[in-house]
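Convention: sequence-line order gives letters A, B, ...; per-chain numbering from 1.
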Amino acid sequence: MEQLSKSYNSNVETEIYSLWFKSGLTNPDNMEEYLKEEGYEVKTPFTIALPPPNANANLHLGHVCGYSFHDVMGRYMRMSGHPVLLLPGKDHAGIQTESVFTKQLEKEGKTKEDLGRKEFYKQAYEFCMKNAENAREQEKRIGLSADFSRELFTLDSKLTKIVYETFYSMFEEGLIYRDKRIINQCPNCMTALADIDTEHELKRGIFAYIKYPLVDNPGEYITVATTRPETMLGDAAVAVHPDDERYSKYVGKKVLLPIAEREIPVIADEEVDMELGTGAVKVTPAHSPVDFELGQKHGLEVVNVINEKGLMEGDIPERFKGMGTVECSKALVKELDEKGLLEKIENTEHEVTVCERCRTNIEPIISNQWYLNVKPLAEKALKELKEGNIKVYPRGQQKALMHFYENIQPWCISRQLWWGQRIPVWYSGGKKLYDWLLENEGKTVQDFEKETGVKVSGTGELYLGEEEPESTNGEVWEKEEDVFDTWFSSGQWPFSTLGGPQGDDFKKYYPTQVMIHARDIIFWWSARMIMMGLYRTGQVPFKDIFVTGMILADDGSKMSKSRGNSVEPKEIFERYGADALRLWYYSDALPGSNAPLREEKIKGNRNFVNKIWNASRFIIMNIDKSEISQISEREIKKTEKVAKTEKHLLKVGKYIEKYQFNLGAESIREFFWHQLCDIWIEEAKKQIQNEDIGSEKRIEVLTELLHILKENLKIMHPFIPFVTEAVWQELVNLNLAEGMLMTQQMMSL
RNA sequence: GGGUGAUUAGCUCAGCUGGCUAGAGCAUCACAUUGACAUUGUGAAGGUCACAGGUUCAAGUCCUGUAUCACCCACCA
């Protein structure tokens, strides 16, 4: 009978995809209608909010493959009677996009200031939309059966509105506040960074031993050791361990800070490590996170000497002003040496914090930022975890998540960027005034004017809202320049995408079922989605978190563009097809494991895909046109083989429900190849080889074989949707099947 | 320093609540096949399940300790 091509050609995959997409049945509302029309029971909706990839670049292999987990769940659920919503989107990725796009502007010889905030935003938006389009193509290429009619971008006004509502409500409850804290400042990106946006690098540095003379004991001094001499200009104290006998006599006395010529106290604190350096440590609250804590504890003065550009400033000798930190360090060391206050300098290697994007050294500085007190939210999240309302796979990650919640710190939610959701706040009389009044409790606007010499018109009050408020008595409203940390909006993804707590989709599709992503973002994303979800909706945003493995280069190293060892998804699609890639990923990228991408492994899976094609082809070829009606009308007898097949379907279904995709993939391969092909088809060959066309024996054997093939196609479909649908459509052409495999129901389950 | 996990065939890993004569894929070797598929079939080789103790009738599987590795968090004056 009809001649199918000798091997499966993965080029048909795009064609198959458009078949699915055109049907509109990836939209759960349509799917629900379809189920009703076909007389199936409509089960509860199944929702996954897909992790939105960053809209500043093409998708990498990890993204693309990750979606095959979402899709296997989605397809299986759809075939089991659930209207399935796989909700796609794209993330604006604040810092990263701003950095990528600014670099692109640089190549054109422009800066973001040249464009101005509005134009910058507009162009960055276009840039993201272009990338989003590419990303969407890749998502389709892997076979993701998502409802693209609902696709969203994190900066869509619908989402922003919901994010703002959350902000207003949190502010009113006192969870959000402005605070002066030490932050990670990237002097290059000119923004505060969350800890997550920083990395650590081992760099060469110096260890300078500097003598601080005692004020009341001429000739005596305390030597402190520091890797950053320039920060001494901002020192507020020298700290020693209370049990340290070498220094106990000095505690409570004062030393004269060289060069700055300021008197600072000697304090005692348990935190000080007696073994390290000289056992005496200089305390610079303004420029070191630890020192900041120490300073707060001991009520020390905060002396700012480095500005947000990483240059020296503030209450320091004129000659150092405007210097970079390294330059200043050198100059200081030289002067100290001349004064005989430099004991020695050691070369050392130490970890420094750098900006994840541009690798610039992070400058810890004091800054006014917006904070969210996440502690009460974390407590609720922790409770849900403990009660088992959210489960993390692999289980070990659950403990890690609990530990994270138990030790959570206030979250800095403001970023000094242009790209993002601008914090909807207005300051009467200006931001500086507001912060000043906050720091100087009890003082008034008049005090501000007197002490700073700046004239303001306003009350120092805040107004929350997007639109500029009415100006009464000629007061001037200053708009907040900062934008939200990206995680503040992506943390609301599962409900913001469904239209917020009032949305129709929300009512129908929330909470979602499962969150699937790579392990590196569990704290930064999932942890926040749980907190924000509980806060806004009172419900957990998803019941399960499934953490995928990481794709590595074939030598086991991390894939990265800079190393040149990254593999484009496109290459794999072209050479082996999406099904082969998916199949490889199910078995290799298990939770907690690494998956080095080896070509020969994908090849092996491609062979299996081809095997499916050829076994189907064999069965189709053996059915004569004249036998079709007899075969399709014949009742399926529950033979041993059919029963075994049913059992197989149930088993694989269980694996999918338990997120054991590797076992599922292994089973479908084992059953199809080594049971159906190697044994049953071989048997069938012998049974029909001497039979006449249309004979009872032939009809019996072929009917059973075809049925088993179709059942196998169904259970394999969630894993490898393309080849199975391609075969199904061949069957449809011959009147041996109907409709699309994607929407077939697994009735035996 | 804190946390989490890993350690099973050459490689990447399965092995759920203890019953294994320890599996898969890829790689290797031998043989077969122009027959749906050379993108195939049949078979072989390859492992004291990191190490040391313990619990048990029975341990890859549970407990304790040791070692090595990985990731995350904190920090390094």
Practice item. Send over the distance from A:Tyr405 OH to B:A74 P, rounded to a whole Å. Key: 16 Å
Review point. B:C29 pairs with which nucleotide, Watson-Crick or G-U wobble, both distances below 3.5 Å?
Key: B:G43
Study note, to complete from the structure: If pairing means Watson-Crick or G-U wobble with both distances under 3.5 Å, then the partner of B:U55 is none
Revision key, fill the gap. Checking A:His287, A:Glu363, A:Lys282 against A:Thr231 for side chain to side chain donor-acceptor pair (under 3.5 Å), the one that qualifies is A:Lys282
Review point. Closest to the A:Asp678 side chain: B:G41, B:A36, B:C73?
Key: B:G41
Practice item. Assign each of A:His403 and A:Ala208 to its nearest nucleotide of RNA chain B by heavy atoms, then name whichever residue's nucleotide is nearer the 5' end. Key: A:His403
Review point. Where the side chain of A:Ser288 is defined as all heavy atoms beyond and including C-beta, which of B:C37, B:U42, B:C76 is the nearest nucleotide?
Key: B:C76
**Study point:** Residue A:Lys611, side-chain heavy atoms: nucleotide from B:C26, B:C37, B:C73 that is nearest
**Key:** B:C37
Check your understanding: So, A:Tyr659 versus A:Phe546, ring centres under 6.0 angstrom or not?
Key -> yes
Review point. With both distances under 3.5 Å as the test, what is the Watson-Crick or G-U wobble partner of B:C37?
Key: none
Practice item. Among B:U39, B:A36, B:A24, find the nucleotide with the atom closest to the side chain of A:Arg606. Key: B:U39
Practice item. Inspect the surroundings of NZ in A:Lys603 and state if more than 12 heavy atoms from other residues, nucleotides or ligands are less than 6.0 Å away. Key: no
Practice item. Starting at atom CG of A:Leu581, determine the distance to atom P of B:C26, rounded to an integer number of angstrom. Key: 16 Å
Review point. Could A:Lys685 and A:Phe618 be counted as a cation-pi pair, given that NZ or CZ must be under 6.0 Å from the ring centre and within 45° of the axis?
Key: yes
Check your understanding: Between A:Lys391 and A:Asp544, is the closest basic N to carboxylate O distance under 4.0 Å?
Key -> no
**Study point:** Whole-Å distance separating the CZ atom of A:Arg582 from the P atom of B:G25
**Key:** 22 Å
Point to revise | Protein-nucleotide distance (A:Leu676, atom CG; B:G41, atom C1'), rounded to Å | key: 16 Å
Review point. B:G25, B:U39, B:C76: which one has an atom nearest the side-chain heavy atoms of A:His674?
Key: B:G25
Check your understanding: Given atom CG of A:Asn605 and atom P of B:C37, what is their separation to the nearest angstrom?
Key -> 22 Å
Exercise for review: May I ask you to say what A:Ala615 touches in the nucleic acid, namely base, sugar-phosphate or nothing, with a heavy-atom cut-off under 4.0 Å?
Suggested key: base
Exercise for review: Examine A:Arg669 relative to A:Phe608 and say whether NZ or CZ is less than 6.0 Å from the centre of the six-membered ring and inside a 45° cone about the ring axis.
Suggested key: yes
**Study point:** Candidates B:G3, B:U42, B:U39 - which lies nearest the side chain of A:Asn610
**Key:** B:U39
Practice item. Using the P atom on both, measure B:U8 against B:A74 and round to a whole Å. Key: 31 Å
Exercise for review: In whole angstrom, give me the gap between the P atoms of B:G25 and B:U40.
Suggested key: 12 Å
Exercise for review: In whole angstrom, give me the gap between the C1' atoms of B:A9 and B:A45.
Suggested key: 10 Å
Point to revise | Under 3.5 Å on both distances, the Watson-Crick or G-U partner of B:C16 | key: none
Check your understanding: How many angstroms lie between CD1 in A:Ile708 and CG in A:Leu713, if you round to the nearest 0.5 Å?
Key -> 12.0 Å
**Study point:** Proximity to the side chain of A:Leu663 - top-ranked nucleotide from B:C16, B:C37, B:A14
**Key:** B:A14
Check your understanding: For B:A9, what is the paired nucleotide under Watson-Crick or G-U wobble rules, both distances under 3.5 Å?
Key -> none
Exercise for review: Test for a donor-acceptor pair under 3.5 Å between the base of B:A36 and the side chain of A:Glu682, counting only N and O atoms.
Suggested key: yes
Exercise for review: Measure the distance from NZ on A:Lys601 to P on B:C26 and round it to the nearest whole Å.
Suggested key: 10 Å
Check your understanding: Can you tell me how far C1' in B:G15 sits from the matching atom in B:G23, rounded to whole Å?
Key -> 7 Å
Review point. Which nucleotide in the set B:G41, B:A36, B:C16 lies at the smallest distance from any side-chain heavy atom of A:Lys658?
Key: B:C16
Check your understanding: Of all the choices, B:C72, B:A24, B:U39, which nucleotide is nearest to the side chain of A:Ser7 once you look at every atom?
Key -> B:U39
Review point. Expressed in whole Å, how much space separates the C1' atoms belonging to B:U28 and B:G19?
Key: 33 Å
Check your understanding: Which whole number of Å gives the distance between the C1' atom of B:A32 and that of B:A22?
Key -> 30 Å
Review point. Looking at A:Trp411, does the NZ or CZ of A:Arg528 lie under 6.0 angstrom from its six-membered ring centre and within 45 degrees of the ring axis?
Key: yes
Point to revise | Residue whose closest nucleotide on RNA chain B lies nearer the 5' end, A:Lys685 versus A:Ala239 | key: A:Lys685
**Study point:** P atoms of B:A36 and B:G41, separation to the nearest Å
**Key:** 13 Å
Check your understanding: For the pair made of CD1 in A:Ile681 and P in B:U40, what is the distance, rounded to whole Å?
Key -> 15 Å
Review point. If the C1' atom of B:A67 is compared with that of B:C76, how far apart are they to the nearest Å?
Key: 26 Å
Practice item. Can you check whether any acceptor in the base of B:A36 is under 3.5 Å from a donor in the side chain of A:Lys6, or vice versa? Key: no
Check your understanding: B:C73 C1' sits how many Å from A:Phe523 CZ, rounded?
Key -> 7 Å
Exercise for review: Could you check which of B:G3, B:G25, B:G41 has an atom nearest any side-chain atom of A:Arg669?
Suggested key: B:G25
**Study point:** Any-strand Watson-Crick or G-U partner of B:C71, both distances under 3.5 Å
**Key:** B:G3
**Study point:** Base-pairing mate for B:A22 - Watson-Crick or G-U, with both contacts under 3.5 Å
**Key:** none
Exercise for review: May I ask you to verify if any side-chain N or O of A:Asn662 is less than 4.0 angstrom from the OP1 or OP2 atom of B:C13?
Suggested key: no
